[in-house]
There are 2 protein chains.
Amino acid sequence: MTADISGVPPSPRRGRPGYDQETVLRRAIDLFNRQGYDGTSMGDLAKELGFTKSAIYHHVPSKSHLLEQALDEALDGLAHALAAARAESGVTANERLRHAVRGSVMVLVDHLPAVTLLLRVRGNSEVESQALERRRHIDDALAEMVEAAVAEGALRNDLPPAMISRLLFGMVNSLVEWVRPDGRYDAEALADMVTTVAFDGLTR
Amino acid sequence: MTADISGVPPSPRRGRPGYDQETVLRRAIDLFNRQGYDGTSMGDLAKELGFTKSAIYHHVPSKSHLLEQALDEALDGLAHALAAARAESGVTANERLRHAVRGSVMVLVDHLPAVTLLLRVRGNSEVESQALERRRHIDDALAEMVEAAVAEGALRNDLPPAMISRLLFGMVNSLVEWVRPDGRYDAEALADMVTTVAFDGLTR
DNA sequence: ACGTTCACTGACCGTTCGGTCAGTGTGGGA
DNA sequence: TCCCACACTGACCGAACGGTCAGTGAACGT
């Protein structure tokens with residue numbers, strides 16, 4: 001945070017080499033997803049990293065700071081994808097919505113651990129509550145896009161638009177429950193399948 | 001548990017009146033869903049109930065026992081709905097699948113707090129791991145039903161059946177994130193909307 | 001009026017939590 | 001070779017955790 005102001009140091013490294021913030025964060029997010037944030041102690045994380053608990057605090061100020069960085073990563077990605085879809089001009093509202101869905105899937109796959117963590121947040125602490133509110137804004141904007149596509153006549157109007165939005169993005173978000181970076185499906189293929197099923201349905 | 005063996009006592013009640021196990025369980029599940037299981041202390045639950053922490057242990061043997069009862073309630077409900085759908089004869093595999101989806105939505109709405117808790121379990125303790133395995137069996141059976149409907153020619157075959165199953169029940173399960181017992185939508189209407197969107201798609 | 005039943009209290013247990021701090025030793029730059 | 005930046009250790013802190021237990025007092029049957 002404050003250290004960034006001084007800029008990137010010209011010398012590559014000094015003193016004894018070791019872990020960096022980023023590695024600690026990535027491992028922490030993985031553990032949080034496996035055991036839950038509250039179910040993961042800093043001792044657990046230390047064991048995972050192979051050194052003592054106090055060493056963690058050499059890299060990171062607090063447990064909640066790790067959570068905050070992870071949630072910001074996910075929220076920034078989703079907000080960016082949403083903004084890109086909304087900014088498109090010269091296309092129908094329905095096409096913008098499809099791009100928003102596609103963009104959401106891409107971010108979800110690209111930042112899978114962080115987004116997974118975000119979708120499990122319950123608003124227990126101040127950090128979680130703020131993340132929840134940012135997420136609500138994103139969801140509201142997506143619901144607006146659905147509404148526009150319905151008003152345009154592209155989507156079915158026998159269901160409330162809010163319901164459509166919830167089912168659609170409920171399906172998208174459920175990807176975090178089983179998608180793994182195996183290479184079984186890449187983000188593109190996944191986005192295609194989700195949009196196909198959502199817009200055209202399961203029936204042959 | 002062991003007290004049930006003696007059967008229902010003939011006298012309605014003795015001594016000082018107070019809470020019963022069921023009330024404690026209901027309140028516990030609500031709290032677990034609001035704050036997470038690990039994020040909820042027995043002290044929190046005591047405060048919610050309006051008496052001391054030690055009083056809880058007069059009704060309930062342990063924190064994990066509360067979780068176990070909740071998860072069993074959800075799993076029993078889902079397993080029952082699944083079995084009912086599978087047992088139907090004289091109908092197509094596709095119709096059995098639709099009934100399974102409908103039944104899942106009904107159970108989800110009927111036992112909303114318990115099912116919500118189940119869908120958030122991460123396998124941290126022995127109780128959670130066993131619940132996770134029971135859930136996996138149910139998911140496998142549902143995937144088989146999807147496969148049968150695809151083989152029958154009723155569902156699209158340009159996507160892997162396993163993928164269809166995951167997206168379909170990902171959408172169903174996402175209901176726990178926003179459905180509330182307001183009376184805004186009853187279980188029937190909800191089941192109709194979900195099946196409509198899933199099978200026929202969003203496009204008009 | 002009395003005695004029994006029983007929901008409930010308050011002090012307490014050992015353990016684990018997130019976090020602190022005064023060292024320790026390693027390795028690159030000069 | 002010396003120096004010092006720096007990653008890291010181990011003992012420790014107060015608080016909170018799940019759970020225990022010897023009481024206490026209220027309400028019923030008799």
Side-chain angles (χ1 to χ4, degrees), chain A residues 1-3 6-29 31-32 35-70 124-128, chain B residues 1-4 6 8-29 31-32 35-70 124-128:
Chain A
M1 293 250 147
T2 51
S6 61
V8 180
S11 57
R13 216 54 179 295
R14 289 296 303 269
R16 187 176 168 193
Y19 281 92
D20 59 346
Q21 263 203 31
E22 192 57 28
T23 307
V24 174
L25 176 60
R26 301 272 71 100
R27 299 271 211 137
I29 296 176
L31 256 191
F32 291 165
Q35 312 180 0
Y37 177 73
D38 288 313
T40 303
S41 72
M42 293 304 263
D44 292 338
L45 179 55
K47 203 177 293 173
E48 178 86 359
L49 286 164
F51 51 44
T52 60
K53 188 177 62 165
S54 46
I56 298 175
Y57 289 94
H58 183 68
H59 300 287
V60 153
S62 70
K63 189 185 177 187
S64 63
H65 183 79
L66 287 168
L67 180 63
E68 191 172 19
Q69 282 186 246
N124 237 344
S125 62
E126 189 57 36
V127 169
E128 296 189 10
Chain B
M1 292 244 142
T2 52
D4 292 346
S6 61
V8 180
S11 56
R13 219 52 181 297
R14 289 297 303 269
R16 188 174 166 194
Y19 280 91
D20 59 346
Q21 264 203 30
E22 193 57 26
T23 307
V24 174
L25 176 61
R26 261 31 283 174
R27 299 270 212 139
I29 296 176
L31 255 191
F32 291 163
Q35 311 181 1
Y37 176 74
D38 288 313
T40 304
S41 72
M42 293 303 262
D44 291 339
L45 179 54
K47 203 177 293 174
E48 177 86 0
L49 287 163
F51 52 43
T52 60
K53 188 176 62 164
S54 47
I56 298 175
Y57 290 93
H58 183 71
H59 299 286
V60 151
S62 70
K63 189 186 176 186
S64 64
H65 182 79
L66 286 167
L67 180 62
E68 192 172 19
Q69 282 185 246
N124 238 346
S125 62
E126 190 57 37
V127 169
E128 295 189 9

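Letters A, B, ... are given to chains in the order of the sequence lines, protein chains preceding strands, and every chain is numbered from 1.
Distances shown here put every side-chain N or O of A/H59 at or beyond 4.0 Å from the OP1 or OP2 atom of D/dC6. The side chain of A/H58 contributes an N or O atom lying less than 4.0 Å from OP1 or OP2 of D/dA7.
Here NZ of A/K63 is found 7.0 Å from OG of A/S41. Values are rounded to the nearest 0.5 Å. Rounded to the nearest 0.5 angstrom, B/Q21 CD and B/I56 CD1 are separated by 12.5 Å. The OH atom of B/Y37 sits 6.0 Å away from atom OG of B/S125, with the distance rounded to the nearest 0.5 Å. To the nearest 0.5 Å, the span separating CD1 on B/I29 from CG on B/L67 amounts to 9.0 Å. In this structure, B/E68 CD and B/E128 CD are separated by 11.0 Å, a value rounded to the nearest 0.5 Å.
Partners of A/Q35 under the side-chain contact (heavy atoms from CB on, under 4.5 Å) rule, at least two apart in sequence or in another chain, are A/L31, A/T40, A/D44, B/N124. The side chain to side chain donor-acceptor pair (under 3.5 Å) test applied to A/R26 returns A/E22, A/E73, not counting sequence neighbours.
Look at NZ on B/K47: it is 13 Å from P on D/dG18, rounded to the nearest Å. Atom CG in B/L49 sits roughly 15 Å away from atom C1' in C/dT9 (whole-Å rounding). The interatomic distance linking A/F51 (CZ) with D/dC6 (C1') rounds to 13 Å, in whole Å. Look at CD1 on A/I56: it is 14 Å from C1' on C/dT20, rounded to the nearest Å. Spacing between atom NE2 of A/H65 and atom C1' of C/dG19 amounts to 15 Å, rounded to whole angstrom units. Rounded to an integer number of Å, the gap from B/N124 CG to C/dT16 C1' is 15 Å.
Taken residue by residue, residues 37-44 of chain A places heavy atoms nearer than 4.0 Å to DNA chain C at A/T40, A/S41, A/M42.
Looking at the side chain of B/K63, the nearest of the listed nucleotides D/dA7, D/dG18, C/dC8 is D/dG18. Of the candidate nucleotides D/dG19, C/dA7, C/dG19, D/dG19 has the atom lying nearest to any side-chain atom of B/Y57.
Backbone-only contact: A/S62 has heavy atoms under 4.0 Å from sugar-phosphate atoms and none from a base.
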For residues 47-55 of chain A, which side-chain N or O atoms pair as donor and acceptor with protein atoms under 3.5 Å away, sequence neighbours left out?
residue	atom	partner	partner atom	Å
A/E48	OE1	A/R34	NH2	3.4
A/T52	OG1	A/S54	OG	3.4

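For the pair A/D20 and A/H59, the minimum side-chain heavy-atom distance is 4.5 Å or more.
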Between protein and nucleic acid, restricted to nucleotides 10-13 of chain D and to nitrogen or oxygen atoms under 3.5 Å apart, what atom pairs and distances do you find?
residue	atom	partner	partner atom	Å
D/dG10	N7	A/S54	OG	3.3
D/dG10	O6	A/S54	OG	2.5

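Annotation for A/M42 and A/L66: closest pair CE-CD1, 4.4 Å, computed over non-hydrogen atoms.
One end of the helix from C/dA1-D/dT30 to C/dA30-D/dT1 points its axis 10° away from the other end's axis, with each axis taken from 5 pairs and the angle rounded to 10°.
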